[in-house]
Trainee: 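This is the structure, below, for whatever I ask next.
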Amino acid sequence: MRRWTPGSRAFTARLSAISIGIAVVLGIAVARGSWFADDLDLLVYGNRGFSPAVLFAPANDHVVPGLRFVYAVFAEFGNFSYGFTVVWRCVVLALNIFLAGSLLYRLVGNSVWALLGAAWYGLSPLMLQAFAQLSAGVNDVHAQLFCLVLLHAAVDWFGAHRRRALLVGPVALALVLSFWLKAGLVLTTALALGWVVSRVGLRRRLLDSVLWGVTMLGPVVAYAAVILPRRRAGTARWPGWDVEGRLLFDSVRESALMPFVGGPWRWTDTPPYGFADPPLVAQVVGAAVCAFLVVLAARRHPRVLLLWVSAVIFVVVTVVLVSVGRYFQFGSSLTRHYHYWSDLGLPLLLATVLTLERVLPWPVDPLRRMSAAGVRAMLRRRPMVGVLVAAWFVGAAVSHVAFDAMWGRNPAPAYFATMRAEVERAGSPPNVWDTPVPTTIAPFINEHRRLGEILAVAHIDVRFQQPDSEPRIFDDQGRLRTADFRVWARGEVPPDCRLRLEGAGSVSVPLDHPLPDANWYVRMAYLANPDARVRVELVDRRTDTTSVLTSHTRAWPSGLLTAYLNDPLAVVGKPATELRLTSVDPSTSLCVGTTEVGLVVPAG
């Protein structure tokens, strides 16, 4: 185990150049995309601030305060700028690559393998896909930053018995868990790495492991005590041993073996995202390279097998965790979704570099000045290694170019740019229906899909469903259009203002047709004096199931006007059969007129 010395300045400069260069190149590629899937969902949550209640609220079925905090920073300071998030991720990725390279330097010294390992880590397609999607980048890339800090602490403790490691390690683990619970599997890699670098006897090594494990219990217990009670019930179901076996086999060949060949080389054509679709030759070559490295480790450096075992544990546990939580939602696609596999790169990086460095020591000295002569001299010493390294980088380049071409087809930039242009062209803030954004921008599984929630983060100035004019609608391209209100049911309202809400109380408006499960819009004429604060609900009279259209907090202006309401959530239970209006204000005087329930679509 090595410490930084003045002689390592040249290595530091090269490692810094590699870290920054890779981060910039990937940032330029990722900048072609935009928000995707639950990025917008989490930005809406981030817009709610930094309070503990918000930070510890579940994201999907996870409690990840670190992720919530970063999204709150994006909402507070990023001003809905995708570029701001790209720069942020580039900085974190550069730190990750530098920490990975410096960890390798401590393990193998001033070796080309340390630099190549850092580049391998940064350019691995496992990292690319996690880095590209913002929500995965905040999960994975930040979690791996603290995973690397934890691994450095493990080297400090097992290799030099530095007591500070017993403080740094638990803090790093707590931060890892705050971004992504599954990344806590780095503990197996840290323990394996500790045994590889330890130079004491078995008894002392066991004692060191016990002390290390005791200190790691702190953040684990804290996570269980503070976070798990807040965890939202998910869709955890056991898919069965037959499914688990197939998923494990598919995960190994489609994901776990790909880092050895710069794969997957090919992606499914599903813009703006994609799943790995490695050809058979990539799977075969990846398996051969992996088997060769494991055999080399067993023959030349048996302790490194512990790192290979930690990688196997990671694969098995990942398959079980992800399949239990996601299989019945997304099927076997999780095996090719690299968001779940990005942190596998850490144990594979350490196992591969330590195996190769012991078998093929390759000092960095011939590259002291990075001259052409130095490169030729190095390749003359290890010609086949040079060919294999070059082949890996070619494979990684193919994977990156294919992914970038697909990622650049994200429709979000054009959608929001068109919307901004339409609002500016309107002059004053337009009155619009609070419709969901297209599923190409935010899928159905998102909790927050309404324009009212998303445009508040985007700082696009519009008014939603005000009674002073008929609301318009944004179409799927972001253009502002006249709305066509398609009536499904009408309220059975007696004429001559005979349906009145006077003071505190409730009145019901029966519907001439029941409403099936859907997101409904309501157009209700009314006469009020003074301003009224009314709660409106869609109700199934038989089960008293309700869906709130508007609460008491929104005032209905006095006068003869029309209220435009929408159901933010689908009706749950039986079909709705009536509208219920409730007031808690004794001064309320509101007459209900023509009432229609339906859907809104762009006219024409």
Trainee: In Å and rounded to the nearest 0.5 Å, what is the CG to OG1 distance from L167 to T215?
Mentor: 9.5 Å
Trainee: Salt bridge (charged side-chain N to carboxylate O under 4.0 Å, His left out) with R253: which residues, sequence neighbours excluded?
Mentor: D250
Trainee: Is it possible for you to check whether R205 lies under 6.0 Å from the centre of the six-membered ring of F158, through NZ or CZ, and within 45° of that ring's axis?
Mentor: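 No, a cation-pi geometry is absent between R205 and F158.
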Trainee: Tell me which pairs pass salt bridge (Lys or Arg N to Asp or Glu O under 4.0 Å) where either residue lies in residues 171-185, with sequence neighbours left out.
Mentor: K182-D343
Trainee: State which residues pass salt bridge (charged side-chain N to carboxylate O under 4.0 Å, His left out) with R204; sequence neighbours excluded, sorted by chain then number.
Mentor: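 So R204 forms a salt bridge (charged side-chain N to carboxylate O under 4.0 Å, His left out) with D208.
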Trainee: Evaluate D156 against V168 for side-chain contact (heavy atoms from CB on, under 4.5 Å), listing each step before the verdict.
Mentor: CA-CA 10 Å; D156 283 339; V168 174; over 6 Å; no
Trainee: Between CD1 of I454 and CG of L40, what distance do you get to the nearest 0.5 Å?
Mentor: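 The CG atom of L40 is 5.0 Å from CD1 of I454, to the nearest 0.5 Å.
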Trainee: Given side-chain contact (heavy atoms from CB on, under 4.5 Å), test W157 with L211 step by step and report yes or no.
Mentor: CA-CA 10 Å; W157 174 245; L211 290 174; 3.9 Å; yes
Trainee: Under 4.5 Å between any side-chain heavy atoms of S178 and V64, yes or no?
Mentor: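 S178 vs V64: side chains apart.
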Trainee: As an exercise, state the distance from CG of L104 to OG1 of T352, rounded to the nearest 0.5 Å.
Mentor: 10.5 Å
Trainee: Below 30° counts as parallel, above 60° as perpendicular, anything between as tilted: where do the rings of H337 and H339 land?
Mentor: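 Judged by the thresholds at 30° and 60°, the geometry between H337 and H339 is tilted.
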Trainee: H301 side chain to A297 main-chain N or O, any donor-acceptor pair under 3.5 Å?
Mentor: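 Not confirmed, H301 side chain does not pair with A297 backbone.
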Trainee: Measuring from M258:CE to L348:CG, what's the distance to the nearest 0.5 Å?
Mentor: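 The CE atom of M258 sits 11.5 Å away from the CG atom of L348.
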Trainee: Listing request: all salt bridge (Lys or Arg N to Asp or Glu O under 4.0 Å) pairs with a residue in residues 112-127, at least two apart in sequence or in separate chains.
Mentor: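 Checked against salt bridge (Lys or Arg N to Asp or Glu O under 4.0 Å) - neighbours excluded - no pair reaches residues 112-127.
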Trainee: Can you name the residues that form a ring-ring contact (aromatic ring centres under 6.0 Å, His included) with F131, not counting sequence neighbours?
Mentor: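 Once residues adjacent in sequence are excluded, F131 has no partner under the ring-ring contact (aromatic ring centres under 6.0 Å, His included) criterion.
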Trainee: Just so I know, are the side chains of L350 and L151 near enough to count as touching, which here means a heavy-atom distance under 4.5 Å?
Mentor: yes
Trainee: Show me the donor-acceptor pairs within less than 3.5 Å that the side chains of residues 19-30 make with the rest of the protein, sequence neighbours left out.
Mentor:
{"unit_1": "S19", "atom_1": "OG", "unit_2": "L15", "atom_2": "O", "d": "2.8"}
{"unit_1": "S19", "atom_1": "OG", "unit_2": "F98", "atom_2": "N", "d": "3.2"}

Trainee: Any heavy-atom pair between the side chains of Y105 and L115 that's under 4.5 Å?
Mentor: no
Trainee: Quick check on F393: does its CZ atom have over 12 non-hydrogen neighbours (other residues, nucleotides or ligands) under 6.0 Å away?
Mentor: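 Above 12, so yes.
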Trainee: Look at the aromatic rings of F403 and W407 and report parallel, tilted or perpendicular, splitting at 30° and 60°.
Mentor: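 F403 vs W407 ring planes: parallel.
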Trainee: Is the shortest heavy-atom distance from the side chain of Q129 to the side chain of S342 under 4.5 Å?
Mentor: no
Trainee: For V261 and A282, which heavy atoms make the closest approach, and how far apart are they?
Mentor: CG2-O, 3.9 Å
Trainee: Kindly determine whether S255 and Y340 satisfy side-chain contact (heavy atoms from CB on, under 4.5 Å), including the steps that lead there.
Mentor: CA-CA 10 Å; S255 300; Y340 296 115; over 6 Å; no
Trainee: Show me the side-chain donor-acceptor pairs of residues 304-322 shorter than 3.5 Å, one per line, residues at least two apart or across chains.
Mentor:
{"unit_1": "W308", "atom_1": "NE1", "unit_2": "T355", "atom_2": "OG1", "d": "3.4"}
{"unit_1": "S310", "atom_1": "OG", "unit_2": "L307", "atom_2": "O", "d": "2.7"}
{"unit_1": "T318", "atom_1": "OG1", "unit_2": "F314", "atom_2": "O", "d": "2.7"}

Trainee: Between the side chain of S198 and the main-chain N/O of W195, is any donor-acceptor distance below 3.5 Å?
Mentor: no
Trainee: Determine the minimum heavy-atom distance between G33 and N410, stating which atoms define it.
Mentor: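 That closest heavy-atom pairing would be CA-CB, 4.1 Å.
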Trainee: Can you find a heavy atom in the side chain of W35 that is under 4.5 Å from one in the side chain of Y82?
Mentor: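 Heavy-atom side-chain distance check passes, below 4.5 Å.
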Trainee: Quick check against the 3.5 Å criterion: does R89 have a side-chain atom that pairs as donor or acceptor with the backbone of F84?
Mentor: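 Checked: no pair found.
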Trainee: So do L107 and L193 actually touch side chain to side chain, heavy atoms under 4.5 Å?
Mentor: yes
Trainee: Just verifying a value: how many Å separate L134 CG and Y71 OH, rounded to the nearest 0.5 Å?
Mentor: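 Interatomic distance, L134 CG to Y71 OH, rounded to 0.5 Å: 3.5 Å.
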Trainee: List the atom pairs, with distances to 0.1 Å, where a side-chain N or O of residues 120-128 and a protein N or O form a donor-acceptor pair under 3.5 Å, not counting sequence neighbours.
Mentor:
{"unit_1": "W120", "atom_1": "NE1", "unit_2": "P259", "atom_2": "O", "d": "3.0"}
{"unit_1": "Y121", "atom_1": "OH", "unit_2": "Q144", "atom_2": "OE1", "d": "2.8"}
{"unit_1": "S124", "atom_1": "OG", "unit_2": "L126", "atom_2": "N", "d": "3.2"}

Trainee: Rounded to the nearest 0.5 Å, how far apart are CD of E76 and CZ of F69?
Mentor: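 The CZ atom of F69 is 10.5 Å from CD of E76, to the nearest 0.5 Å.
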Trainee: For residues 24-34, which residue pairs pass the salt bridge (Lys or Arg N to Asp or Glu O under 4.0 Å) check, not counting sequence neighbours?
Mentor: R32-D404
Trainee: Using the test salt bridge (charged side-chain N to carboxylate O under 4.0 Å, His left out), find all partners of D39 that sit at least two apart in sequence or belong to another chain.
Mentor: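 D39 satisfies salt bridge (charged side-chain N to carboxylate O under 4.0 Å, His left out) with no residue once adjacent residues are dropped.
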Trainee: Taking the side chain as everything from C-beta on, heavy atoms only, tell me whether F74 gets closer than 4.5 Å to V138.
Mentor: yes
Trainee: Could you tell me which non-hydrogen atom of W267 sits nearest to which non-hydrogen atom of A402, and how far apart they are?
Mentor: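 Looking at all heavy atoms of both residues, the shortest contact is CD1-CB, 3.7 Å.
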Trainee: If I compare all heavy atoms of E357 with all of S111, which pair ends up nearest, and what's the gap?
Mentor: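 Heavy atoms only, the tightest pair is CG-OG, 4.3 Å.
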Trainee: Minimum heavy-atom separation for A118 to G101, with atom names?
Mentor: CB-CA, 3.8 Å
Trainee: Distance-only, no hydrogens or angles: does the N139 side chain make a donor-acceptor pair with backbone N or O of W180 under 3.5 Å?
Mentor: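 Side chain of N139 to backbone of W180: no pair is present.
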Trainee: On a heavy-atom basis, which atom in L191 and which in S209 lie closest, and how many Å separate them?
Mentor: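 What the structure gives for the nearest pair is CD1-OG, 3.8 Å.
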Trainee: Is the shortest heavy-atom distance from the side chain of V70 to the side chain of W88 under 4.5 Å?
Mentor: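 Yes, close enough: below the 4.5 Å cut-off.
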Trainee: After noting the C-alpha distance and the side-chain angles of S323 and E244, does the key distance pass the side-chain hydrogen bond (donor to acceptor under 3.5 Å, both in side chains) rule?
Mentor: CA-CA 7 Å; S323 63; E244 290 285 6; 2.8 Å; yes
Trainee: Report, one line per pair, each donor and acceptor closer than 3.5 Å where one atom sits in a side chain of residues 47-58; sequence neighbours left out.
Mentor:
{"unit_1": "R48", "atom_1": "NH2", "unit_2": "H448", "atom_2": "NE2", "d": "3.0"}
{"unit_1": "S51", "atom_1": "OG", "unit_2": "V54", "atom_2": "N", "d": "3.4"}

Trainee: Only counting residues at least two apart or in another chain, list the ones meeting side chain to side chain contact (heavy atoms under 4.5 Å, CB included) with L99.
Mentor: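 Testing L99 for side chain to side chain contact (heavy atoms under 4.5 Å, CB included), a comparison that skips the adjacent residues, returns S102, L145, L148, V149, H152.
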